[in-house]
Amino acid sequence: HAAAWRALRTPGEEPALSDHAQRVLSLLRTRGASFFADLASASGLDADQLRTAIGTLVACGLATSDGFAGLRALVWAARGGAARHDRRSSFAGRWTAIDSTGEPVAREEAVEIQAWTLLRRYGVVFRRLLTRETNAAPWRELARVYRRLEARGEIRGGRFVTGMSGEQFALPDAVRQLREVRRIHAGG
């Protein structure tokens, strides 16, 4: 669903990339998936410059790795951890540019895809929950989708989470699980 999530970006939200990041992105797009050492030799960047460039590309959603070791190393470096040379902090794996030339997705379709994704992720969705979602569509658009899904009987609307105001929408399985938890706590 990457094309749908990209369709929800604010127009003109394309990230400003450093020269190093642009160089690495260009290499990834022309050469394809590449190991860290291959990128270092092809780009002429030292290890720290290359780590920073790759980190920028990953943060902007322009590159990814085929394994978790490289992503863990990025997180470790972002937290200010010293570069350790063990298997957990290596940039093992291949780095790939994410293809952003896919077929365009209409905004309405993108909002519906995101609405379903959020429901599957959380089970229950309400406005306040989405404050941490950096690329979420506006609540008014999501709520419109949720109301339509509720009218079709695909999801439930109501008050599921105590202390949260406003409309709440939930998957039927989530409602069942919440009732079970409430019953256990009321009986115990």
(request) Apply side-chain hydrogen bond (donor to acceptor under 3.5 Å, both in side chains) to E141 and list each qualifying residue two or more places apart in sequence or on a separate chain. (result) R107

(request) Quick one: list whatever passes salt bridge (Lys or Arg N to Asp or Glu O under 4.0 Å) with R120, sequence neighbours left out. (result) none

(message) R182: which residues meet the salt bridge (Lys or Arg N to Asp or Glu O under 4.0 Å) condition with it, sequence neighbours left out?
(response) none

Just list the side-chain donor-acceptor pairs under 3.5 Å for residues 164-173, sequence neighbours left out, or say none.
unit_1, atom_1, unit_2, atom_2, d
E167, OE1, R147, NH2, 2.8
E167, OE2, R147, NE, 3.0
Q168, OE1, F160, N, 2.7
Q168, OE1, V161, N, 2.7
Q168, NE2, V161, O, 3.2
Q168, NE2, M164, O, 3.1
D173, OD1, R176, NH2, 2.1

(request) Sequence neighbours left out, what passes side chain to side chain contact (heavy atoms under 4.5 Å, CB included) with Q177? Give chain and number order. (result) none

(message) Could you walk me through whether V125 and L142 satisfy the side-chain contact (heavy atoms from CB on, under 4.5 Å) test, starting with their C-alpha distance in whole Å, then the side-chain angles of each, then the deciding distance to 0.1 Å, before giving a yes or no?
(response) CA-CA 10 Å; V125 178; L142 291 168; 5.9 Å; no

(request) Output all residues satisfying salt bridge (Lys or Arg N to Asp or Glu O under 4.0 Å) with R94, sequence neighbours left out; order by chain, then residue number. (result) D66

(message) Is it the case that the side chain of Q22 and the backbone of L17 share a donor-acceptor pair, with hydrogens and angles ignored and the cut-off at 3.5 Å?
(response) yes

(request) Would you mind listing every ring-ring contact (aromatic ring centres under 6.0 Å, His included) that reaches into residues 17-43, with sequence neighbours excluded? (result) F36-F91

(request) State whether the side chain of T30 and the backbone N or O of S26 hold a donor-acceptor pair below 3.5 Å, judged by distance alone. (result) yes

(request) Can you run down the salt bridge (charged side-chain N to carboxylate O under 4.0 Å, His left out) pairs that involve residues 127-136, sequence neighbours left out, and say none if there aren't any? (result) R121-E133

(request) Quick one: list whatever passes salt bridge (Lys or Arg N to Asp or Glu O under 4.0 Å) with E109, sequence neighbours left out. (result) none

(request) Among residues two or more places apart or on two chains, list those pairs meeting side chain to side chain donor-acceptor pair (under 3.5 Å) that have a residue in residues 154-163. (result) R152-E154

(message) Using a 3.5 Å distance criterion without hydrogens, assess whether the side chain of S34 forms a donor-acceptor pair with backbone atoms of G32.
(response) yes

Can you give the donor-acceptor pairs under 3.5 Å from side chains of residues 53-65 to other protein atoms, not counting sequence neighbours?
unit_1, atom_1, unit_2, atom_2, d
T56, OG1, T52, O, 2.9
S65, OG, G67, N, 3.2
S65, OG, G67, O, 3.2

(message) Applying side chain to side chain contact (heavy atoms under 4.5 Å, CB included), can you list everything that pairs with A110, at least two apart in sequence or on another chain?
(response) A4, A7, L8, V105

